[in-house]
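Only one structure is covered here, and it is reproduced in the block below.
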Amino acid sequence: MTAAEYAQTLQLKPVVPATATVSGGDSQRKWRHLLLKDFTFFYVSGELTYASQSTKKRMDYIHCRGGIVLPAYDPELVTHIIVDTANPDKPDAGVTLRTLGLKKLSDIPDHVPTVKWKWVNSAKLVPNGDRAGNFRIVEDGNGGHVTVRMDWEFMHSAFVARVHAGKGFKNTGGNEKDKGKGKPKAKTTAQRKEGENSEEEDNDSAEDISDISCACRLIGSVVGVRLIFVCSRNFTQDAPSPPPSAKETTPAVNQTKSVQSEREIPFISDPLGEFEALAKEEKKAEGFLCDAPNSNSLTSECPNQDIVDKLEELMELHRAKPTEEDKWRVYSYSKSIRKIRTYPHRITSYEEARNIPGVGDKTALKIKEILETGELRRIDIEYTEDLDVVHLFQGIYGVGQHIAYMWYSAGCRTLDDIRERKNGIKVSDVQEIGLKYYDDINTRMPRAEAGEIFTAIKRTAVSIDPHLYVEIMGSYRRGKATCGDIDILITRPTDDGNSHEGVLASLLSALQREGIIRENLSMPDFKDDPLEAVYRGLCVRPLREGEGHDTKRLVHILTVPYKSRGAALIYYTGDDIFNRSLRLKANKMGYSLNQRGLFAGVVRSTENKMIKTCDGHIIASETEQEIFRILGVPWQEPWERVRS
DNA sequence: GCCA
DNA sequence: CAGTACG
DNA sequence: TGGCCGTTACTG
């Protein structure tokens, strides 16, 4: 995607302001605002064929702060040209002119400055009323206004020949008219002082200033429903389930025993104090999440449940939001929440929270607030009226953040609006199915039902080829009491010269004849390798005489070459966080792990790691154990791999 | 969000 | 290609 | 300040 195309897509995206670090006098703080509102940029990256990650990020940065990024240079619209070519400190005039489609720099209008990226970053928060320098008054997201000072454009001029362009050079009065633009709330000095104090007392409140309201104005009108986000809790609060019974392929081992033997917990007089010290120690040199087996022993009684609840609620709010920033926030919260949940005693201070690995300054402050007030104001701030709707839409299989926000901005508010294609929205085939079985898909099934469906499918599979290896994976293999779907792995030994080629297709038609499979969500693509495929669909439990519901259940079937079964077992067993951690560790060790195997010597071209790779060679894939061993990860049974 |  | 889904 | 899993797989 070129920079122009990316700029174009940006214009369609809602403005959801991101945080910015702003130095205010002698203190630094993070807050949110539409700093760049009223500015229209043309961004010269020098990248001809595609927009780099950095370019996209910077365009996002501008967009999130209310600025407009033009897809094409237009001297009528542009207020600033940002020149950010290969070497940011030495802008390339030739590249710039080619990008602009001009012959010489003097063809750029005099009122349009050509600045380096650094200028955009020069904003500083100043006390309201401070009218020195190049100040601007911008919305603070809470209906108020704040004063911000930016460097003069000429200070970051990209080209000496154009230092004169824009505000500040020679004529420092050029921003006179800006004064009337924002109308700050009339405040007495005392009131203002009060406001500043409260801001300083609690860092978080400053950070909490959110411009979501602006986004909402942009997106559409108000909805009155407040929906409780409980999804994650449904997932995480499953009753601790017993290890798989003896009939399972995985041996039934006493899990607490195995955990203890791995961790070699020494005898200590004050186990809780010791844990705290341990946490502190880990903070210095954090290992990988996959290295320590999960200990389920503490999940029943969490001394910090109130904290966990509040943080989870906040995490779910962020999960529904569309930006990359929110995505990583969720990632971060999920890790810190897990640490807090398994922390064995009541957290009593900011310091104590901070010492838990994965808990940083922000989360520790939030914990402090919960400890002191029992509340987390950030939850109310993030809880904008668009969220419950997009959350509802995201419950539709095949609908993620982007589609949800598109539909919301098109004016849709209910599932019926979607069904009716209100305002001409498009609904894909998969989404149509997701809509039809909305409740079914979002309801977890008892472990026993997953087992029942698996048994039926395995029976059919083995009737096609008795040598097939058919296993149930996912949350079932991890021993969960309820399952969100049924994950089935199929492969076959090749020592007799045969393989499972063609089996999946036969199996699917057989299951359809039996009435077990009811809907297809995605069909396998055998083009690369006939032994490797993924199927997704909806199925029902085989109907028994008399009783039997026909709630549709998600079923995933994966076939892999026999050689890859170890890597596939790891992947398909999960959980997701465990897998990501394992893959991260592999990566850091110079390996690469995916569902096909563990590879060494994978060379990625510096930066842009998608481009140009040397294939590398496979070093393990047949058994889970050897992959664990090479990665230096202690062996863990499936139910010990729970990380989320 | 957290961390190196 | 972007978006979504998967553990 | 940049990375955060996978040259994942599938759809449109």
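All values reported here derive from a predicted model rather than from experimental measurement. Lettering follows sequence order; numbering is per chain, from 1.
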With a 4.0 Å limit, can you tell me whether [X] has a side-chain N or O closer than that to the phosphate oxygens OP1/OP2 of [N]?
{"X": "K327(A)", "N": "dG1(B)", "answer": "no"}
{"X": "S522(A)", "N": "dA5(C)", "answer": "no"}
{"X": "Y333(A)", "N": "dG1(B)", "answer": "yes"}
{"X": "Y535(A)", "N": "dA5(C)", "answer": "no"}
{"X": "N579(A)", "N": "dG6(D)", "answer": "no"}
{"X": "R583(A)", "N": "dT7(D)", "answer": "no"}
{"X": "H556(A)", "N": "dG7(C)", "answer": "yes"}

Measure from the side chain of [X], starting at C-beta and using heavy atoms only, and say which of [options] lies closest.
{"X": "I403(A)", "options": "dA9(D), dG1(B), dT4(C)", "result": "dT4(C)"}
{"X": "S428(A)", "options": "dA9(D), dG12(D), dG1(B)", "result": "dG12(D)"}
{"X": "R329(A)", "options": "dG7(C), dT8(D), dG1(B)", "result": "dG1(B)"}
{"X": "Q595(A)", "options": "dG3(C), dC10(D), dA9(D)", "result": "dA9(D)"}
{"X": "L554(A)", "options": "dT11(D), dG1(B), dC6(C)", "result": "dC6(C)"}
{"X": "D525(A)", "options": "dG1(B), dG12(D), dC10(D)", "result": "dC10(D)"}
{"X": "N594(A)", "options": "dC5(D), dT7(D), dA5(C)", "result": "dT7(D)"}
{"X": "Y571(A)", "options": "dG7(C), dG1(B), dC3(B)", "result": "dG7(C)"}
{"X": "R596(A)", "options": "dT8(D), dC4(D), dC6(C)", "result": "dT8(D)"}
{"X": "T363(A)", "options": "dC2(B), dC6(C), dC4(D)", "result": "dC2(B)"}

Problem set entry | dC2(B) base / Y331(A) side chain donor-acceptor hit below 3.5 Å |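 For Y331(A), whose side chain was compared with the base of dC2(B), there is no donor-acceptor pair (under 3.5 Å).
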
Atom [atom1] of [X] to atom [atom2] of [N]: distance rounded to whole Å?
{"X": "K335(A)", "N": "dG3(D)", "atom1": "NZ", "atom2": "P", "result": "16 Å"}
{"X": "E471(A)", "N": "dG7(C)", "atom1": "CD", "atom2": "P", "result": "16 Å"}
{"X": "M523(A)", "N": "dG12(D)", "atom1": "CE", "atom2": "C1'", "result": "17 Å"}
{"X": "F393(A)", "N": "dT4(C)", "atom1": "CZ", "atom2": "P", "result": "14 Å"}
{"X": "L558(A)", "N": "dC6(C)", "atom1": "CG", "atom2": "P", "result": "13 Å"}
{"X": "D487(A)", "N": "dT8(D)", "atom1": "CG", "atom2": "C1'", "result": "15 Å"}
{"X": "E432(A)", "N": "dG12(D)", "atom1": "CD", "atom2": "P", "result": "12 Å"}
{"X": "I433(A)", "N": "dT11(D)", "atom1": "CD1", "atom2": "P", "result": "11 Å"}

Would you call [X]-[Y] a salt bridge at under 4.0 Å N-O?
{"X": "R477(A)", "Y": "E624(A)", "answer": "yes"}
{"X": "R319(A)", "Y": "E316(A)", "answer": "yes"}
{"X": "D380(A)", "Y": "R377(A)", "answer": "no"}
{"X": "K552(A)", "Y": "E519(A)", "answer": "no"}

For this session: Decide whether a cation-pi geometry holds between R447(A) and Y476(A); the criteria are a distance under 6.0 Å from NZ or CZ to the six-membered ring centre and an angle within 45° of the ring axis.
Result: yes

Exercise. Are R421(A) and W407(A) in a cation-pi setup, meaning NZ or CZ lies under 6.0 angstrom from the ring centre and within 45 degrees of the ring axis?
Worked result: no

Problem set entry | dT7(D) - base-pair partner by Watson-Crick or wobble geometry, distances under 3.5 Å |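 When the pairing criteria are applied, nothing turns out to pair with dT7(D), so the answer is none.
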
Using the [atom1] atom as the reference point in each nucleotide, state the distance between [N] and [M] in Å, no decimals.
{"N": "dC3(B)", "M": "dC5(D)", "atom1": "P", "result": "15 Å"}
{"N": "dG6(D)", "M": "dT4(C)", "atom1": "C1'", "result": "15 Å"}
{"N": "dG3(D)", "M": "dA5(C)", "atom1": "C1'", "result": "22 Å"}

For this session: Mind checking V330(A) for me? I need base, sugar-phosphate or nothing, with any heavy atom below 4.0 Å counting as a touch.
Result: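 It contacts nothing in the nucleic acid.
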
Exercise. If you count the non-hydrogen atoms of other residues, nucleotides and ligands that lie under 6.0 Å from CE in M406(A), is the total more than 12?
Worked result: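 Incorrect, the count does not exceed 12.
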
